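All values reported here derive from a predicted model rather than from experimental measurement.
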Amino acid sequence: MVDIFRYGKDDMSKVFKRTQLDDSDYISAVDSIVKDVRNRGDEAVFEYCKKFDRQDIDASNILVTDEEIKRAYDKIDSALLSSIRKARENVLQYHSRQREKFHNEFFAAGSNGESKLGWIYRPLARVGLYVPGGKASYPSTVLMTALPAKAAGVKEIVVVTPNISNPAILVACKECGIDKIYKVGGAQAIAALAYGTQTIPRVDLIAGPGNVFVTLAKKQVFGHVAIDMIAGPSEILVIADGSADARLVAADLLSQAEHDELAASILVTTSEELAFEVDRELERQTALLSRSEIMTKSLKSNGAIIVVENMSVAVAVADAVAPEHLEICAQNAEEIAAKLSNAGAIFVGNNSPEPLGDYFAGPSHVLPTSGSARYSSVLSVDTFMKKISYIQYSKQDLLEVADDVIRFAESEGLTAHANAVRLRKQEK
């Protein structure tokens, strides 16, 4: 069902070249929407909501009301509500532990220790979260973006979403303490958050996944506002040896293949026997699952099984791919994990399947994709914090370094910089 490669013998360029949606046809349209919302504010937002989402939105109904939230609680399955609350506690507890590391720190500096240097941490004041609608609805995205922001101490969190028909979305927002929910989606929602309109406040950072219009809009507004990341198609890479259960490995690969046709599911294994067993299991299980058409296209286009000589090669391949999700279904899984450098999240051992991280374990499921795990990190408390440098010099310490600072400034032709220090040097 998927291509099987033998590392060092077969051409594996397909594995390292992710399939990406060609967004060139959308760039001009997104650019036009973003500029229009920036110039006309609410008027443009309402027009695009009607055009693209077939929603009659105006200033009187753009906000989700308390009554709408109450109806969502009346509709939601009680067992699902219980699961949302349990997941909320796990995610909040995990990220609250992260928050503990952000301490303001200062240390003595200068020849006599009379000066002070350091850093100060501050949470962002207001963030906007995008919760997608479209083909699927993700209340888990609310938890995985809002709760890290809450743990960071963000003062105001707003959500934009085109999908309020799913009660789980509104309930998740309420359970996470979202301040306001706006019934807006698409590029127009991103532009509104970035620049502000008459009804939607400008935010400091936009987080959350979306379709190609949302993704391109986030690229477009970056610089006017911070963004979490540019998310591509979902990915999973499983490292497995001969001890792994082919049924479970196949199931885990399919857990990502069902997202969309561009998702990548890759197995790297030291066992050729397991490789063929997993391939057979993929075909068998796909036929039994509801999103079989999507999974079939995903696996044929972007799926791969790579047979390697040993675990050292498996680690090297995994680091080169730098996947969003990386599972280790092998003996000595912890030792293998310790050798890995590039992944959005690592799932260690046979009892740590990727869906556990998607919904419940605690870490956010908003992860770097398309190989960007080589240089970027999971969404976390860090995403919603900023570090400010602190510099406090005594008069004596300034005088001791004044000539050096002046010399640097003048070498760069910045005479006003030099003058700002020279005047202090001349004071008695």
Residue of the set L340, N350, V238 for which side chain to side chain contact (heavy atoms under 4.5 Å, CB included) holds with I328: L340
Should the heavy atoms of other residues, nucleotides or ligands under 6.0 Å from [atom1] of [X] be counted, would the total exceed 12?
X	atom1	result
R284	CZ	yes
E105	CD	yes
E273	CD	no
Y7	OH	no

Determine the minimum heavy-atom distance between [X] and [Y], stating which atoms define it.
X	Y	answer
M1	D279	N-OD1, 2.8 Å
S234	H325	OG-CE1, 3.8 Å
V158	E156	CG1-OE2, 3.8 Å
V34	A191	CA-CB, 3.9 Å
S352	F347	O-CB, 3.0 Å
P132	T161	O-OG1, 4.4 Å

K297 bridged to E293 by N-O distance under 4.0 Å: yes
Listed partners of K70 passing salt bridge (charged side-chain N to carboxylate O under 4.0 Å, His left out), at least two apart: D74
Under 3.5 Å, is there a donor-acceptor pair linking the side chains of [X] and [Y]?
X	Y	answer
E175	Y73	yes
T270	D241	no
Q93	E89	no
D228	T383	no

Pair K50-E47, salt bridge (Lys or Arg N to Asp or Glu O under 4.0 Å): steps then yes or no: CA-CA 5 Å; K50 189 168 186 177; E47 288 178 11; over 6 Å; no
K101/D382 under salt bridge (Lys or Arg N to Asp or Glu O under 4.0 Å): CA gap, chis, key distance, verdict: CA-CA 10 Å; K101 74 176 184 179; D382 304 59; 3.2 Å; yes
Spacing of CD1 belonging to I169 relative to CD1 belonging to I164, to within rounding of 0.5 Å: 11.0 Å
Euclidean distance, Q55 CD relative to N163 CG, rounded to 0.5 Å: 9.0 Å
Step-by-step side chain to side chain contact (heavy atoms under 4.5 Å, CB included) determination, D36 to Y48: CA-CA 10 Å; D36 196 19; Y48 291 121; 2.8 Å; yes
Aromatic plane relationship, F106 with Y390 - under 30° parallel, 30 to 60° tilted, over 60° perpendicular: perpendicular
Residue pair D53, V184: steps toward the side chain to side chain contact (heavy atoms under 4.5 Å, CB included) verdict: CA-CA 9 Å; D53 298 325; V184 181; over 6 Å; no
M12 side chain near I306 side chain, heavy-atom distance below 4.5 Å: yes
